[in-house]
Chemist: 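Starting off with a structure, shown below.
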Amino acid sequence: MKLTYRVEDGARLGALLWEFGPGWRMISSALLGGGIGVREWVLNAQVVAGYARMDPVDHLVSLGPGGDGVGMLTAASVDRYVQASDGGVEAYATVGLRVPTWAAAPEGVADPELAPMRVGTINIVAVLPVAMTDAALVNAVMTVTEAKSQALIEAGFPCTGTASDAVCVAVPVEGPAELFGGPRSEWGARLARAVHTAVRRGGEAWRPRDFK
């Protein structure tokens, strides 16, 4: 993983890039490269607060290295990313919590953080060393989300996340495929602990002034 910077909209913005190369399969909720498929890289690009471009996919393509990859956007400072590992699982989180949000909110209540394009403020990238079935990958995303919410609540934030978080889970294409990715499966448990640690640390490092 490497961290680079660019100047855009008058601001110095960071980007995290994981270049996996061939032989990896990913599941993601990202705008670019979302769904399940073979991917070679993951980009987590910082944008300005109030990002309102109407071509976010093209924007991500222009920032990526080319080929098939996953691209996520965030208003959080990516150079404050947190990494944690557990039993061969690696988790990376960029945590922005200006507007903590409950998943189930009353109808008609607007989230003031949302610009015309929804920019993820808690982005998580997780890497496992074992192949997984499609169902296990879906289960792994559930595990990531549950561990994230647990960490935020334990850190004292009244939320399950923000209104536009994104996630990507990367696994090898080759090898015996794990059937389960839930929090009590062998690899799901490791995934949950790694994500929980990364998000908990990121949440606890969030400063009160960041809410202004």
Side-chain angles (χ1 to χ4, degrees), residues 1-4 14-20 24 26-30 34 39 41-47 70-101 103 119-130 132 136-172 178 181-208 210-211:
M1 186 268 291
K2 63 181 178 182
L3 170 65
T4 59
L16 299 173
L17 177 65
W18 293 259
E19 293 186 276
F20 292 89
W24 288 84
M26 303 182 191
I27 182 171
S28 180
S29 63
R39 308 284 186 264
W41 51 267
V42 179
L43 177 71
N44 187 12
Q46 182 183 351
V47 295
V70 170
M72 302 183 285
L73 298 174
T74 180
S77 298
V78 299
D79 54 8
R80 292 170 58 184
Y81 76 92
V82 182
Q83 184 271 338
S85 60
D86 191 292
V89 176
E90 301 287 334
Y92 303 80
T94 52
V95 180
L97 284 163
R98 262 186 296 189
V99 185
T101 304
V119 182
T121 51
I122 301 176
N123 284 348
I124 298 170
V125 176
V127 185
L128 290 84
V130 292
M132 285 186 155
L137 284 173
V138 173
N139 209 175
V141 171
M142 293 170 58
T143 297
V144 168
T145 304
E146 291 169 3
K148 174 196 70 175
S149 296
Q150 178 184 341
L152 293 172
I153 292 169
E154 289 178 357
F157 292 91
C159 68
T160 51
T162 79
S164 50
D165 298 344
V167 61
C168 178
V169 176
V171 301
E178 295 291 320
R184 290 300 169 266
S185 66
E186 178 183 3
W187 289 101
R190 296 171 182 177
L191 174 63
R193 289 190 294 266
V195 169
H196 176 271
T197 298
V199 176
R200 177 82 184 252
R201 289 175 182 168
E204 290 174 344
W206 191 255
R207 299 168 299 201
D210 290 322
F211 285 92

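Computed over heavy atoms, backbone and side chain alike; hydrogens, waters and symmetry mates excluded.
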Chemist: Side chain of Thr197, backbone of Ala84: donor and acceptor closer than 3.5 Å?
Modeler: no
Chemist: Would you confirm whether Ser185, through its side chain, and Gly188, through its main-chain N or O, come within 3.5 Å as a donor-acceptor pair?
Modeler: yes
Chemist: What distance separates Glu186 CD from Glu178 CD, expressed to the nearest 0.5 Å?
Modeler: 6.5 Å
Chemist: Per the side-chain hydrogen bond (donor to acceptor under 3.5 Å, both in side chains) rule, what does the pair list look like for residues 137-148, sequence neighbours excluded?
Modeler: Lys148-Asp165
Chemist: Between atom CZ of Arg193 and atom CZ of Arg200, what is the distance when rounded to the nearest 0.5 Å?
Modeler: 16.0 Å
Chemist: To the nearest 0.5 Å, what is the distance between CD1 on Ile124 and CE on Met72?
Modeler: 9.0 Å
Chemist: Would you check, one step at a time, whether the test side chain to side chain contact (heavy atoms under 4.5 Å, CB included) holds for Trp24 with Val127?
Modeler: CA-CA 10 Å; Trp24 288 84; Val127 185; 3.8 Å; yes
Chemist: Give the minimum heavy-atom separation between Cys159 and Leu152, together with the two atoms involved.
Modeler: SG-CD1, 3.9 Å
Chemist: Which atom pair, heavy atoms only, marks the closest approach of Ala140 to Met132?
Modeler: CB-SD, 4.3 Å
Chemist: Do Thr94 and Asn44 have side-chain N/O donor and acceptor atoms under 3.5 Å apart?
Modeler: yes
Chemist: Looking only at non-hydrogen atoms, find the nearest pair between Leu128 and Pro172 and report the distance.
Modeler: O-CD, 3.2 Å
Chemist: Do you know the tightest heavy-atom contact between Pro129 and Gly88?
Modeler: CD-O, 3.3 Å
Chemist: Can you classify the ring geometry of Tyr92 versus Tyr81 as parallel (below 30°), tilted (30 to 60°) or perpendicular (above 60°)?
Modeler: tilted
Chemist: Taking all heavy atoms of Met26 and all of Cys168, pick out the closest pair and write down the distance.
Modeler: SD-SG, 3.9 Å
Chemist: Could you walk me through whether Met1 and Gln83 pass side chain to side chain contact (heavy atoms under 4.5 Å, CB included), step by step?
Modeler: CA-CA 11 Å; Met1 186 268 291; Gln83 184 271 338; over 6 Å; no
Chemist: Under 3.5 Å, is there a donor-acceptor pair between the side chain of Ser28 and the main chain of Val169?
Modeler: no
Chemist: Which atom pair, heavy atoms only, marks the closest approach of Gly87 to Trp187?
Modeler: O-CZ3, 3.3 Å
Chemist: Leu17 and Thr4: side chain to side chain contact (heavy atoms under 4.5 Å, CB included), yes or no, with the steps?
Modeler: CA-CA 8 Å; Leu17 177 65; Thr4 59; over 6 Å; no
Chemist: Keeping the roles fixed (side chain from Asn123, backbone from Leu73), state whether a donor-acceptor pair exists under 3.5 Å.
Modeler: yes
